[in-house]
Amino acid sequence: MRILFERFSAAPAGPAIFIDRDGVINRRRPGDYVLEWSQFVFMPGIREALRRLSTLRLPMIVISNQAAVGKGLLEAAALKAMTVQLQEVLRGSGVVLNAYYYCTHRSDEGCDCRKPKPGLLRQAAAELNIDLPRSIFIGDADTDVQAARLAGCQPIMFDPECRYRTERADWMKNIATARDSDELVKFTVKCLQATSIVAAIPEGMSW
Ligand SMILES: [Zn+2]
């Protein structure tokens, strides 16, 4: 499912910041899905972090698995309504996300868009003219890192609860891992600078 809010000029193809939803923008609900807006709780500092990233003026696109739809727990229309509500609240905080791409399939459906598969990233890149090798994918799980790698973009881990701190697995080595939303902004900008996307840090983004 694709929900497009803000178009952007994309000729020639440019980089984007892809963002996972559950665990990055809002808290995960252990063992459960976010089925209604009242269950949507923002991660600490994430709105300010996204606002600062918005000043880079790169397309920002949410990439998220929402199998609750495929399981019949959440109507597609309700997911859409929740997304509109999220977009409104973020806009009030000065954050502009351009589009949301959801995989609504169950894991047993064998689709090619459910992360760790890279289908959603590739679809967004094709439809919105995005250069994947110069793009960043911010996620909170190994499946996000895998999807980023398969699509050829740079993974950044957001792990404020240190879920992976004790046993840092092989797949996490050499991946920038932000412990809070300030680090998330820093690492994202650093990563973009490494690929020469952001020549200079925009005004008002000093730290
Ligand atoms: Zn899918």
For this session: Report the C-alpha distance between Arg27 and Glu161 in whole Å, list the side-chain angles of each, state the deciding distance to 0.1 Å, and finish with yes or no for salt bridge (Lys or Arg N to Asp or Glu O under 4.0 Å).
Result: CA-CA 10 Å; Arg27 288 191 186 280; Glu161 281 153 12; 3.0 Å; yes
For this session: Taking Gln123 for its side chain and Gly119 for its backbone only, find out whether a donor-acceptor pair lies under 3.5 Å.
Result: no
Exercise. Is a side-chain N or O of Thr177 found less than 3.5 angstrom from the main chain of Ile175, in a donor-acceptor match?
Worked result: yes
Exercise. What's the verdict on side chain to side chain donor-acceptor pair (under 3.5 Å) for Tyr100 and Gln87, showing C-alpha distance, side-chain angles and the deciding distance?
Worked result: CA-CA 10 Å; Tyr100 296 69; Gln87 182 75 357; 2.8 Å; yes
Problem set entry | Passing option when Asn26 is tested against Ile46, Val34, Leu86 for side chain to side chain contact (heavy atoms under 4.5 Å, CB included) | Val34
Seminar exercise, completed: With Lys115 as partner, the option from Asp20, Asn65, Thr143 fulfilling side chain to side chain donor-acceptor pair (under 3.5 Å) is Asp20
Problem set entry | Shortest non-hydrogen separation from Asp140 to Asp22 and the atoms involved | OD1-O, 3.5 Å
Exercise. Does a side-chain heavy-atom distance below 4.5 Å link Asn98 with Phe5?
Worked result: no
For this session: Return yes if some donor-acceptor pair links the side-chain N/O of Glu109 with the main-chain N/O of Arg106 below 3.5 Å, else return no.
Result: yes
For this session: Indicate the atoms forming the closest heavy-atom contact of Gly14 with Ser135, along with that distance.
Result: O-OG, 4.5 Å
Exercise. Between Arg134 and Ala13, which heavy-atom pair has the shortest distance, and what is it?
Worked result: NH2-O, 3.3 Å
Exercise. Arg21 side chain to Ile25 main-chain N or O, any donor-acceptor pair under 3.5 Å?
Worked result: no
Problem set entry | Considering all heavy atoms, the nearest Gly110-Lys117 contact | O-NZ, 4.3 Å
For this session: Work out which heavy atom in Gly94 is nearest to a heavy atom in Arg51; give both atom names and the distance.
Result: O-CG, 3.6 Å
Problem set entry | Distance-only side-chain donor-acceptor flag, Glu127 / Tyr101, under 3.5 Å | yes
Problem set entry | Arg28 versus Ala141, closest heavy-atom pair with distance | NH2-CB, 3.9 Å
